[in-house]
Amino acid sequence: MPELPEVETIKNELTPHIIGRTITGIDLFWERTVRQPSASEFRERIAGKKIVGLGRRGKYLLVQLSGGDTLIIHLRMTGSLWQTPPPEGLKFVRAIINLDNKTSIYFRDPRKFGKMWLVADADCVTGELGPEPLLPAFTLEILSSRLKRHHIPIKAALLDQGIVAGVGNMYADEALFVAKIHPTRPADSLTSSEMKRLHAAISQVLLAGIGNKGASIENYYRPDGSKGTAHTEFKVAHQRDALCPRCGTPIEYIKVRGRGTYFCPKCQKLK
DNA sequence: CTATAGACCTGACGGC
DNA sequence: TGCCGTCAGGTCTATA
């Protein structure tokens with residue numbers, strides 16, 4: 001499940017392969033991957049454009065093209081991008097972006113949830129996102145004021161991309177464990193010291209995730225087909241039947257607003 | 001405002 | 001072996 005650290009890793013590792021290359025064309029095997037514009041216009045408009053920059057906003061990958069258009073890719077739950085040469089018999093390839101040096105980028109997505117846009121103004125797609133949690137502008141005050149506006153479980157607030165961009169199910173659980181906050185605590189009920197711990201924890205777990213090149217829990221692969229190792233350092237996320245590394249208490253699994261949630265009932269008390 | 005359910009999809013897994 | 005139901009979770013939309 002690509003979240004901020006996974007998309008950041010893909011961006012970093014894809015950059016040397018595609019910057020400066022010109023897109024000769026795109027093969028679409030599942031047209032509904034394209035959200036905007038129509039599939040035919042998408043194919044037409046992208047051909048001949050040069051890739052001039054690669055960026056990331058939340059979980060969105062931004063491919064800046066000559067002429068001002070941006071190709072935006074969201075991998076949702078099972079998407080991944082593969083560079084040439086892909087493994088023989090790579091399944092579930094939904095699109096192939098062909099480049100002028102006879103290499104390609106393969107968009108693999110078993111569950112077909114991934115989406116692409118080709119737009120003149122990226123803000124049309126990413127404009128509603130909350131702040132980037134790894135930029136200096138993401139201060140404790142910003143996080144605090146945003147969370148205080150919501151009387152919803154803190155876990156749900158962290159997953160709301162309009163409050164903070166890029167945090168998904170795995171890193172939300174990790175951040176709450178590091179900050180010692182119970183996932184169902186109302187977001188507007190956190191004390192200032194809890195808020196401070198959470199603010200630091202978000203950066204900490206995201207940076208650790210990037211340092212480990214992402215977490216390969218399910219369908220996440222890096223562009224060269226290798227896996228990330230962030231999941232090997234997870235304390236609670238997806239640690240079914242495991243013990244808390246801090247106190248030895250069995251990790252609990254609950255549903256918070258329909259999302260699978262792992263936490264330590266002793267370290268993350270609900271007062 | 002918050003909450004819930006369904007939609008989008010398919011592989012993996014447990015039960016029989 | 002094989003069929004079937006359930007689950008996974010990012011995001012959007014509809015409804016209570």
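Every chain is numbered from 1, with letters handed out A, B, ... down the list of sequences. Please read all numbers here as calculations on a predicted model, not as lab measurements.
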When you check the phosphate oxygens OP1 and OP2 of [N], does a side-chain N or O of [X] lie under 4.0 Å from one of them?
X	N	result
A:Lys59	C:dT11	yes
A:Arg259	C:dG10	yes
A:His74	C:dG10	no

Distance between P atoms of B:dG11 and C:dT11 (Å, rounded):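 Each nucleotide's P atom is 22 Å from the other's.
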B:dC8 to C:dC3 separation - P atoms, rounded to the nearest Å: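 Comparing P positions in B:dC8 and C:dC3 gives a spacing of 25 Å.
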Nearest-Å distance for atom pair [atom1]/[atom2], residues [X] and [N]:
X	N	atom1	atom2	value
A:Arg76	C:dG10	CZ	P	10 Å
A:Met1	B:dT10	CE	P	18 Å
A:Glu31	B:dC9	CD	C1'	17 Å
A:Leu61	C:dG10	CG	P	18 Å

Lys/Arg N to Asp/Glu carboxylate O, A:Glu132 vs A:Arg57, below 4.0 Å: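 Between A:Arg57 and A:Glu132 there is a salt bridge, with a charged N closer than 4.0 Å to a carboxylate O.
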A:Lys155 bridged to A:Asp173 by N-O distance under 4.0 Å: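 A salt bridge is present here (some side-chain N lies under 4.0 Å from a carboxylate O).
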Watson-Crick or G-U wobble mate for B:dC9, both contacts under 3.5 Å: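 Its partner: none found.
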Transitive ILVMFWY cluster of A:Ile72, excluding itself - 4.5 Å side-chain cut-off: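 Via sub-4.5 Å side-chain contacts, A:Ile72 links to A:Tyr60, A:Leu62, A:Trp117, A:Val119, A:Val125, A:Leu129.
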Cation-aromatic face contact A:Arg146/A:Phe138, 6.0 Å, 45 degrees: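 Judged by the rule, A:Arg146 and A:Phe138 form no cation-pi pair.
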Over 12 non-hydrogen atoms of neighbours within 6.0 angstrom of NZ in A:Lys49: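 Yes.
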Scan nucleotides 3-5 of chain B against the protein and return all N/O pairs shorter than 3.5 Å with their distances rounded to 0.1 Å.
| residue | atom | partner | partner atom | Å |
| --- | --- | --- | --- | --- |
| B:dA3 | OP2 | A:Arg257 | NH1 | 2.5 |

Ring centers of A:Tyr171, A:Phe234 separated by less than 6.0 Å: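 Judged by ring-centre distance (under 6.0 Å), A:Tyr171 and A:Phe234 do meet the cut-off.
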Toward the 5' end of DNA chain C, by each residue's nearest nucleotide, A:Phe113 or A:Arg35: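 Checking each residue's closest nucleotide, the 5'-ward one belongs to A:Phe113.
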